[in-house]
Amino acid sequence: MRFIEVPLTYTTPRLNPHSFSVYTPKTMENTSKNPSHSSHWADINADKIMRSRRTGDQEPTYVCASGITPSGTVHIGNFREIISVELVVRALRDKGARVRFIYSWDDYDVFRKVPKNMPQQEMLEKYLRWPITMVPDPFEKTTSYARSNEVLVEKLLVKVGISPEYLYQADKYRAGDYAQGMRRALEHRDTIRVILDEFRTEPLPEDWWPISVFSSFTNKDTTTVLDWDGQWGLTYRCDETGKTETLDLRTTPWAKLPWRIDWPMRWAYEGVDFEPAGKDHHSEGGSFDTARKVSEAVYGVQAPVTFQYDFISIKGRGGKISSSSGEVVGLDDVLEVYTPEVTRYLFAGTRPNAEFAISFDLDVIKIYEDYDRCERVFYGIDQVNDKKKEKESRIYELSQVETPAPTQPLQLPFRHLCNLLLIMNGEFQRAIRAFPEVAVLEAEDKLSPGWWATAENRAQCAWNWLQSFAPEDFVFQVRGPQDPAIALADYYEGITVNSAHRAAKILVQDLEGGNFSRLDEKALGDRLYEIAREADLEPKVFFEVLYLMIVGKTRGPRLAGFLKTLGTDRVLSILHAYGR
RNA sequence: GGGCCGUUAGCUCAGCUGGUAGAGCAGCAGACUCUUAAUCUGCGGGUCGAAGGUUCGAACCCUUCACGGCUCACCA
């Protein structure tokens, strides 16, 4: 069980997410967490596993399995599979259980079609029907097409805190690890046939065998199994060349089991206790169902605990996420915009059997705000009722890549961070230091390297989002002295233009007199209204005019704080063009 | 045709093994002589898809039905 260290005092200030103003530190309430039982879906499944599996073992090690076919770029929908398992694995470990977390790359599957997003389409065409582990890497960086897709994911998973034990099915098959399992399937040919036929529209042909073979002459799966000698000998014909050959299951690298038999065989081989599956598998007559029956009837083991997870859709980006279509949204794309913690939060906070959309539009801000609120609930900064506290806290814990820090880390509200990044032209360090709280804590040497890494990652995500997905209205660019002055006459009548210039002049005088650095944000706000009056401008017009001068648009961040953040020199350099 | 999931406020959804329905957004009222789905304060709003059943008590359990979505029956 993972306990939360509760600090006695809270020294890190909390940011007001919507203001440029200086923070007011708060004291953290002393909270007590009851870790007895959580209603989070990962914990419920962990309980279920512990109740129903390995009940006779002295010190059970629960085997949790996940896996997919790397037949194309691994997309975010596939990621749901692995993180769902990882969350249950964590839940089990938090309950003190020992767990083996395996991830099977089904890289001995057949290369069926060339995904549109792959380079070297013509080259890949030539390898259709080969096992994907023997297809060359179109990026020419790794040993195979399959490996190329695998490597990408294995690297990314580390970033989100997921490190399973990887199993490579091609290696396992070709090393003869599954020889016994294959033989067993052959021995139970008729039993398996009956199970599969139960749900088939067309019964399996009389000469069907529960095994498939790649041709050693062509490397393709276009073969016909002819006979099995009741021991280890399997005879097949290569359909293209017409040649026949007899293999020894113990040594051949060419044979494998079809999916519906392969799956239960591996459950038995690894002793799998838990493995979820997509909704396409969970249906009567679907592959989980037939695998369950084969598992019991042929391999003599009970099918693992399972649940069904739903699909993921994408919002604010367009396109689909199928690996065979051109547009693929992968974990890498999601990590461009969401930090690893927030990415985990998306999955940990949603029931697996609910479909949800990963947003790239304005929702991104809300997601970050939700995450930050969840964090404040966890640390007891935001008060909520006990139920909610328990639920949110557990989601927060499960969202962490590392164990949670002992005290609430300084938060950088996403929206404000975006504004600062825009003001600082994407310079992360400057944007982060523009938070007054950061400057204060940094001076006191209270920001850890870990905090900085997280902060910079968030800044990177915010910047990526601003560059690629943020609505145009949301984005602005501060004008520099080299930019030509905005022609106010294009926007206003002459009288107003004159007033605008007068206002700019007053502002310049204020700035040169050092007035702004003396005033706090509130006082500066009041002073701005005074200036509007002195210049004989409607406040609304006054603000528009200043935004035009500074960002070339009639709207922008709240002006007083905005000006302070920009700094006297920068504002002066812009206003000089108008205020003479 | 079979199966799975869903149906709770205008919208999106929470509601732990049954104990008087809850958030966010939207709406309405007020505040802020500016604002980036603006912020703050307050308010209203639901026969929990329908009908039966079990129970002292049902959004929750059981049965039937309606509607919606997905999925299987070819391959993985």
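Values in this document were obtained by computation on a predicted structure and should not be read as measured data. Order of the sequence lines sets the chain letters (A, B, ...), proteins ahead of strands, with each chain counted from 1.
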With [X], which residues qualify under side-chain contact (heavy atoms from CB on, under 4.5 Å), at least two apart?
X	result
A:Glu392	A:Arg373, A:Cys374, A:Val377, A:Lys388
A:Ile132	A:Thr69, A:Pro70, A:Asp107, A:Phe111, A:Tyr145, A:Ala146
A:Ser287	A:Trp259, A:Arg260, A:Trp263, A:His281
A:Asp363	A:Lys315, A:Ser359, A:Asp361

Given the [atom1] atoms of [N] and [M], what is the spacing between them in whole Å?
N	M	atom1	value
B:G15	B:G22	C1'	7 Å
B:G57	B:G52	P	16 Å
B:C61	B:G18	P	8 Å
B:G53	B:G42	C1'	44 Å
B:A14	B:C48	C1'	13 Å
B:C70	B:G27	C1'	34 Å
B:U33	B:U12	C1'	36 Å
B:U55	B:U63	C1'	16 Å

Item to complete: For nucleotides 69-76 of chain B, just jot down a letter per nucleotide in 5' to 3' order: B, S or -, based on protein non-hydrogen atoms under 4.0 Å.
Response: -SSSSSSB

Discussion item. Each nucleotide in nucleotides 18-26 of chain B should get exactly one letter: B, S or -. Can you fill that in based on protein heavy atoms under 4.0 Å?
Written reply: ------S--

Item to complete: Under the side-chain hydrogen bond (donor to acceptor under 3.5 Å, both in side chains) rule, collect the residues that match up with A:Ser66, sequence neighbours excluded.
Response: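 Per chain and number, A:Ser66 pairs via side-chain hydrogen bond (donor to acceptor under 3.5 Å, both in side chains) with A:Glu81.
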
[X] and [Y] aromatic centres sub-6.0 Å:
X	Y	value
A:Tyr103	A:Trp105	yes
A:Phe288	A:Phe307	no
A:Tyr338	A:Tyr345	no

Worksheet entry | Gap separating the NZ atom of A:Lys113 from the CG atom of A:Leu124, nearest 0.5 angstrom |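 Going from NZ on A:Lys113 over to CG on A:Leu124, the span is 14.5 Å.
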
Worksheet item: Would you call A:Lys95-A:Asp47 a salt bridge at under 4.0 Å N-O?
Response: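 A salt bridge is present here (some side-chain N lies under 4.0 Å from a carboxylate O).
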
Fill in: Cationic N near anionic O, under 4.0 Å, A:Asp262 to A:Lys256
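Judged by the 4.0 Å cut-off on N to carboxylate O distance, A:Asp262 and A:Lys256 do not form a salt bridge.
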
Worksheet entry | All pairs passing side chain to side chain donor-acceptor pair (under 3.5 Å) where residues 191-203 of chain A contributes a residue, at least two apart |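 Sorted pair list comes back empty.
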
Worksheet, complete the sentence: Read 5' to 3' with Watson-Crick or G-U pairs under 3.5 Å, [ ] for crossing pairs and | for partners on another strand, RNA chain B gives (((((((..((((.....[..)))).(((((.......))))).....(((((..]....))))))))))))....

Worksheet entry | A:Phe474: ring-ring contact (aromatic ring centres under 6.0 Å, His included) partners, not counting sequence neighbours |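 A:Phe474 satisfies ring-ring contact (aromatic ring centres under 6.0 Å, His included) with A:Trp465 once adjacent residues are dropped.
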
Item to complete: Establish, yes or no, whether the cationic atom of A:Lys220 lies under 6.0 Å from the six-membered ring centre of A:Phe214 and within 45° of the ring axis.
Response: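 No; the conditions do not both hold, so A:Lys220 does not lie above the ring face of A:Phe214.
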
Worksheet item: When you look at NZ of A:Lys553, are more than 12 heavy atoms from neighbouring residues, nucleotides or ligands closer to it than 6.0 Å?
Response: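 More than 12 heavy atoms, drawn from other residues, nucleotides or ligands, come within 6.0 Å of this atom.
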
Taking only N/O atoms, report every protein-nucleotides 9-12 of chain B pair under 3.5 Å with atom names and distance.
none

Item to complete: Give the C-alpha distance, both sets of side-chain angles, the deciding distance and a yes or no for side chain to side chain contact (heavy atoms under 4.5 Å, CB included) between A:Tyr173 and A:Tyr168.
Response: CA-CA 9 Å; A:Tyr173 269 112; A:Tyr168 304 91; over 6 Å; no

Worksheet item: How close or far is atom C1' of B:A14 from atom CZ of A:Phe356, stated in whole angstroms?
Response: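 Interatomic distance, CZ of A:Phe356 to C1' of B:A14: 16 Å.
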
Interface polar pairs with nucleotides 31-35 of chain B, N/O, under 3.5 angstrom:
residue	atom	partner	partner atom	Å
B:U33	O4	A:Arg533	NH1	3.4
B:C34	OP1	A:Tyr529	OH	2.3
B:C34	OP2	A:Tyr529	OH	2.6
B:U35	O2	A:Gly556	O	2.9

